[in-house]
Student: 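Sharing a structure below in structure tokens format, with a few things to ask.
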There are 2 protein chains.
Amino acid sequence: MLQSTKRAGTRSAILDVAERLVQRRGFNGFSYADVAAELGITRAALHYHFPGKFELGEALIERYAARFTDALAAIDAAGGPASSKLRAYADLYLEVLRDERMCLCGMLAAEHETLSEPMRQIIVGFLDDNDAWLVGVLESGRSDGSLTFTGPPEDLAPMVVGTLEGAMLVARPYGGTARFESVAARLIADLTSGVA
Amino acid sequence: MLQSTKRAGTRSAILDVAERLVQRRGFNGFSYADVAAELGITRAALHYHFPGKFELGEALIERYAARFTDALAAIDAAGGPASSKLRAYADLYLEVLRDERMCLCGMLAAEHETLSEPMRQIIVGFLDDNDAWLVGVLESGRSDGSLTFTGPPEDLAPMVVGTLEGAMLVARPYGGTARFESVAARLIADLTSGVA
DNA sequence: GTCTATAACGAGATAGAC
DNA sequence: GTCTATCTCGTTATAGAC
């Protein structure tokens, strides 16, 4: 390490702040000024790292997707039955909600009509990755007997994503995590107890 | 009709345009200028009818909730088994999505942290009404035998709302209604075929 | 890499004429 | 009820000094 041992870097700090703001207020609900103020730097400095808001947005969702991919890999690495992987997946959502945030991807999905084409593509890719990972979990759950459901996993995976995203979306106006946890618990219970 | 047989009135026209813009772009994704331009009037005229954007937002969600209540009453009036009422309920969402819109309430739920307190309260009231109506449908479905599920209807109703909202949210980046319809069909099938 | 300064534009809002 | 005109502020973005 020859340079910048000081900290994780301004760029990373910007992404951290912007990410939280987008998840709480939406992409159209925050500004460069918000981020700059929180970091104690100027807006001009932000433009050095990210020329425009859309570029920032792209970096945001890219990093988020990469981190999510890592989290899914960690779940896979932990092993165990598919049912516990599914639970761990739902817990990823819960952790976000605990911090009073919406899933970044869900938030951007709501605003997707106002986003740049590159941002939209990354979002769809992220959703596709979620579906694909879940399909794998559902398949292995059917094999190891920990999950029971009818029809192809490809049909069920989008429902799992949609249910968790929607539960999160609706839970936030109520505050707390109760409403989300109730729905997530039922979703998992239905899949583990031979339902659906 | 002594006056203004010409049309439904400017106020109503403003609400129509603003509603569509919010549902497609979000509350923070449209401006008075957008609405004014589409109606061929000035921003000042908008301010005459709605002093501020939040007042417009309140009127928006209030009218939406009232219309939704009417739609639910119409479903009740049509009679039939609870299962078909549930299907009709899901179709309300589908109609919105067909017009490339997000549920107004779901969109505002995403942005709820940026809204006025009055708007937030109306949104929660709207969600509560949905839950309550669904609880009634679920109860009658258990009675008439058209719906089968475990646990109290009060626990299941939020899941139905969440699943439909989430399916809608995630479907929009993909365009079309296929992803939503697939999830809605499965949700209903699970409840009618003695699952969950 | 961060700053000051400023440009250029858009947004919400108000006053007052018609 | 709608207009023109104006105000104020916020937002994105750029130029150039340090």
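Nothing here was measured: the structure is a model prediction, and the numbers come from that model.
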Student: Whole-Å distance between D:dT4 C1' and B:Leu46 CG?
Tutor: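 Whole-Å distance recorded here is 16 Å.
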Student: Rounded off to whole Å, could you give me the NE2-to-C1' distance for the A:His49 and C:dC3 pair?
Tutor: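 Taking atom C1' of C:dC3 as the reference, NE2 of A:His49 is at 12 Å.
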Student: Return no unless some side-chain N or O of B:Thr10 is found under 4.0 Å from OP1 or OP2 of D:dT2.
Tutor: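 True: B:Thr10 side-chain N/O within range (under 4.0 Å) of D:dT2 OP1/OP2.
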Student: Between D:dG1, C:dG12, D:dT14, which one does the side chain of B:Lys53 approach most closely?
Tutor: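 Of the candidates, C:dG12 comes closest.
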Student: Which part of the nucleic acid does A:Tyr32 contact within heavy-atom distance under 4.0 Å: base, sugar-phosphate only, or nothing?
Tutor: sugar-phosphate
Student: Checking contacts here: which listed nucleotide (C:dG12, D:dC3, D:dT11) is nearest the side-chain heavy atoms of B:Arg43?
Tutor: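 Shortest atom-to-atom distance from the side chain points to C:dG12.
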Student: For B:Arg11 and D:dT2, give me the distance from atom CZ to atom C1', rounded to whole Å.
Tutor: 17 Å
Student: Evaluate the ring planes of B:Phe126 and B:Phe68, with Trp represented by its six-membered ring, and classify them as parallel (under 30°), tilted (30 to 60°) or perpendicular (over 60°).
Tutor: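 Plane angle over 60°, so perpendicular.
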Student: Are any of the side-chain nitrogens in B:Arg25 or B:Asp34 under 4.0 Å away from the carboxylate oxygens of its partner?
Tutor: no
Student: Please give, in whole Å, the distance from C:dA11 C1' to B:Phe27 CZ?
Tutor: 13 Å
Student: Given atom CG of B:Leu56 and atom P of C:dA11, what is their separation to the nearest angstrom?
Tutor: 15 Å
Student: Would a distance-only check, ignoring hydrogens and angles, find a side-chain to backbone donor-acceptor pair under 3.5 Å from A:Gln23 to A:Met102?
Tutor: yes
Student: For the pair made of CD1 in A:Ile14 and C1' in C:dG1, what is the distance, rounded to whole Å?
Tutor: 10 Å
Student: Taking atom C1' of D:dT2 as reference, at what distance in whole Å does atom CZ of B:Phe50 sit?
Tutor: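 Atom-to-atom, B:Phe50 to D:dT2, this comes out as 15 Å.
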Student: Starting at CG of A:Asn28 and ending at P of C:dA11, how long is that distance when rounded to a whole Å?
Tutor: 11 Å
Student: Base, sugar-phosphate or nothing for A:Phe30? Non-hydrogen atoms, less than 4.0 Å.
Tutor: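 If one applies the 4.0 Å heavy-atom cut-off, A:Phe30 turns out to touch the sugar-phosphate alone, with no base involved.
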Student: Might you work through the salt bridge (charged side-chain N to carboxylate O under 4.0 Å, His left out) test for B:Arg24 and B:Glu19, ending with a clear yes or no?
Tutor: CA-CA 9 Å; B:Arg24 290 193 179 170; B:Glu19 182 180 271; over 6 Å; no
Student: For A:His47 and for B:Tyr48, find the nucleotide of DNA chain D with the closest heavy atom, then tell me which residue's nucleotide is more 5'.
Tutor: B:Tyr48
Student: Checking B:Thr69 against B:Asp129: is there a side-chain donor and acceptor pair closer than 3.5 Å?
Tutor: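 Side-chain D/A pair, B:Asp129 to B:Thr69: absent.
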Student: Give the nucleotide from the list C:dG1, C:dA15, D:dA15 with an atom nearest to the side chain of B:Ala44.
Tutor: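 Among the listed nucleotides, the one closest to the side chain of B:Ala44 is C:dA15.
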Student: Select base, sugar-phosphate, or nothing to describe what B:Ser31 touches, counting heavy atoms under 4.0 Å on all strands.
Tutor: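 If one applies the 4.0 Å heavy-atom cut-off, B:Ser31 turns out to touch the sugar-phosphate alone, with no base involved.
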